[in-house]
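Note on naming: letters A, B, ... go to the chains in the order of the sequence lines (proteins, then strands), and numbering restarts at 1 for each one.
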Amino acid sequence: MQETLSIFVKGIFSENMIFAYFLGMCSYLAVSKTVKTAVGLGAAVIFVLGITIPINYLLENYVLKEGALAWLNPEYGVGGSSTINLSFLSFIMFIAVIASIVQLVEMLVEKFAPSLYGALGIFLPLIAVNCAILGGALFMQDRQYTSVGDATAFGIGSGIGWFLAIVAIAAIREKIKYSHVPAPLRGLGITFIITGLMGMAFMSFMGIEY
Amino acid sequence: MSEVAEKVKAPAEPLFSKKNRKLVTDPLSDNNPITIQVLGICSALAITVQVEQAVVMSAAVFFVLALGNVVISMLRNLIPGRIRIIVQLVVVASLVIMVNQVLMAYLPDVSAKLSVFVGLIITNCIIMGRFEAFAMGNKPWPSFMDAVGNASGYAIILIMVAVVRELLGSGSFFGIPILGSPIPVEGYPNGTGLFDMGYMNNNLMVLPPMALIVVGIIIWIQRSRNKNLIESH
């Protein structure tokens, strides 16, 4: 339980998707002009990460990994006479799961929250190609979590970390409109530099023992 | 039928016409995918600690973008609009699987260092962005030229950032220590080369936030040289 909690907190702070790994930077830069849309996109990312990571975890551990098909026939397991290793298929399987979940979320949002759908507009389909979602699945594969609970904690934790980052930068960008930024730095340039400074601030969380 | 088709066919454009050359040269600076179109930032920042990684990553993106753009351009009239994102993802994912298998087989060290970022080429916005913006509406050859231009524009920025970070952060270039070595040897208690005179590596450069600041400075320099690129906010 303690370990699950530490994975969750690490995902939010010291292994923040944006500040430590730069995942999902494209939508982070494109949708962070106002806090309202940033909150919408951030919430969608938490939701999609919280669903896709456990699904991809099950897929990885019961279908794709070397010997993962042992539940079908012990011969397919590690050390069996015909071990099956489908891990080369993981990219295409993960992205297929993500694309279909995103399609589902888009349909649900359109039905139950039309105003949010109007605000997010074309950005919802873009979640499918948000690096943070696929990056989360690949990190989950890389780090080999021991249970579905840990994987879910990682997914929701990193989603919340992404949410914090995009809402923070959107709030800063709303204020920055009223300050005198050097002309060539306006827009993209200053956003990059501020993100860098925020990243340095977030690095101070690395010293904490979890 | 074929005679009719031949009659309406427009005169063939030369392969390296002015328009096609512009497709290659534009993304190198004025329409750079990273600093102007804001595409493909994720991977550009994470793998620029060493020049070697940046070069391998650029080559991988070049391969995937060039082949993907041509394939999508050939399929563009067959793809139904509603499911085009999924079709595009399948094409990219298959190409990236090929790249990943080749890297794992021939360059296992670099592959281990790039870790998840090879897989993340699938969601690299440059790829999907060029598919949507160009390959879906153009013939294969211009799409190929567009891919060459954009992949090179991406590579230029990636390698610039990597050179700065590796030189200032580890005192080396392509893994060769050109500023000397900080490890003390006999007669040189502070290390060799510049380190003997009291130079020290800037460890901040190796950490992730500096990648953002280096890219921010590149954008600053580019936009102060070309005033047309300045944004209103």
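Comparing B:V96, B:V90, B:V92, B:I213 by heavy-atom pairs within less than 4.5 Å of chain A, the highest count is held by B:I213. When the candidates B:G119, B:S224, B:G129 are compared by the number of heavy-atom contacts under 4.5 Å with chain A, B:G119 comes out ahead. For the set B:I86, B:V215, B:I127, B:N124, the entry with the most heavy-atom pairs within less than 4.5 Å of chain A is B:V215. Across A:Y21, A:F202, A:F88, A:F94, the residue that shares the most heavy-atom pairs under 4.5 angstrom with chain B is A:F88.
If you run side-chain contact (heavy atoms from CB on, under 4.5 Å) between B:T123 and each of A:I95, A:L23, A:I98, only A:I95 comes through. A:F192 pairs with exactly one of B:I219, B:I217, B:I218 by the side-chain contact (heavy atoms from CB on, under 4.5 Å) rule, that one being B:I219.
With a threshold of 4.5 angstrom between heavy atoms, B:N226 does not approach chain A through any atom at all. Contacts of A:L29 with chain B are made by side-chain atoms alone, with heavy-atom separations under 4.5 Å and no backbone atom involved. Heavy atoms of B:M210 lying under 4.5 Å from chain A belong exclusively to its side chain. Looking at A:A99, only its side chain comes within 4.5 Å of chain B, counting heavy atoms on both sides. In this structure, no portion of A:M198 lies under 4.5 Å from any heavy atom of chain B.
Within a 6.0 Å radius of CE in A:M93, other residues, nucleotides and ligands contribute 12 heavy atoms or fewer. Enclosure of atom CD in B:Q101 by more than 12 non-hydrogen atoms of other residues, nucleotides or ligands within 6.0 angstrom is indicated. Atom CZ of B:F174 has more than 12 neighbouring heavy atoms from other residues, nucleotides or ligands inside a 6.0 Å radius. The neighbour count for A:Y76 OH, taken as heavy atoms of other residues, nucleotides or ligands under 6.0 Å away, does not exceed 12.
Atom CD1 in A:I133 sits 11.5 Å away from atom CG in B:L120 (nearest 0.5 Å). Here the CZ atom belonging to A:F22 is positioned 11.0 Å from the CD1 atom belonging to B:I41, to the nearest 0.5 angstrom.
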inquiry  = Between A:C131 and B:C125, does the disulfide bond (SG atoms under 2.5 Å apart) criterion hold? Intermediate values first, please.
reply    = CA-CA 8 Å; A:C131 323; B:C125 324; 4.9 Å; no
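Summarising the geometry of A:I92 relative to B:A93, their closest heavy-atom pair is CG1-CB, 3.7 Å, with the distance given to 0.1 Å. Closest heavy-atom contact between B:P208 and A:F19: CB-O, 3.9 Å. In plain terms, the two heavy atoms of B:P209 and A:G196 that are nearest each other are CB-O, 3.2 Å.
At least one side-chain heavy atom of A:M200 sits less than 4.5 Å from a side-chain heavy atom of B:L204.
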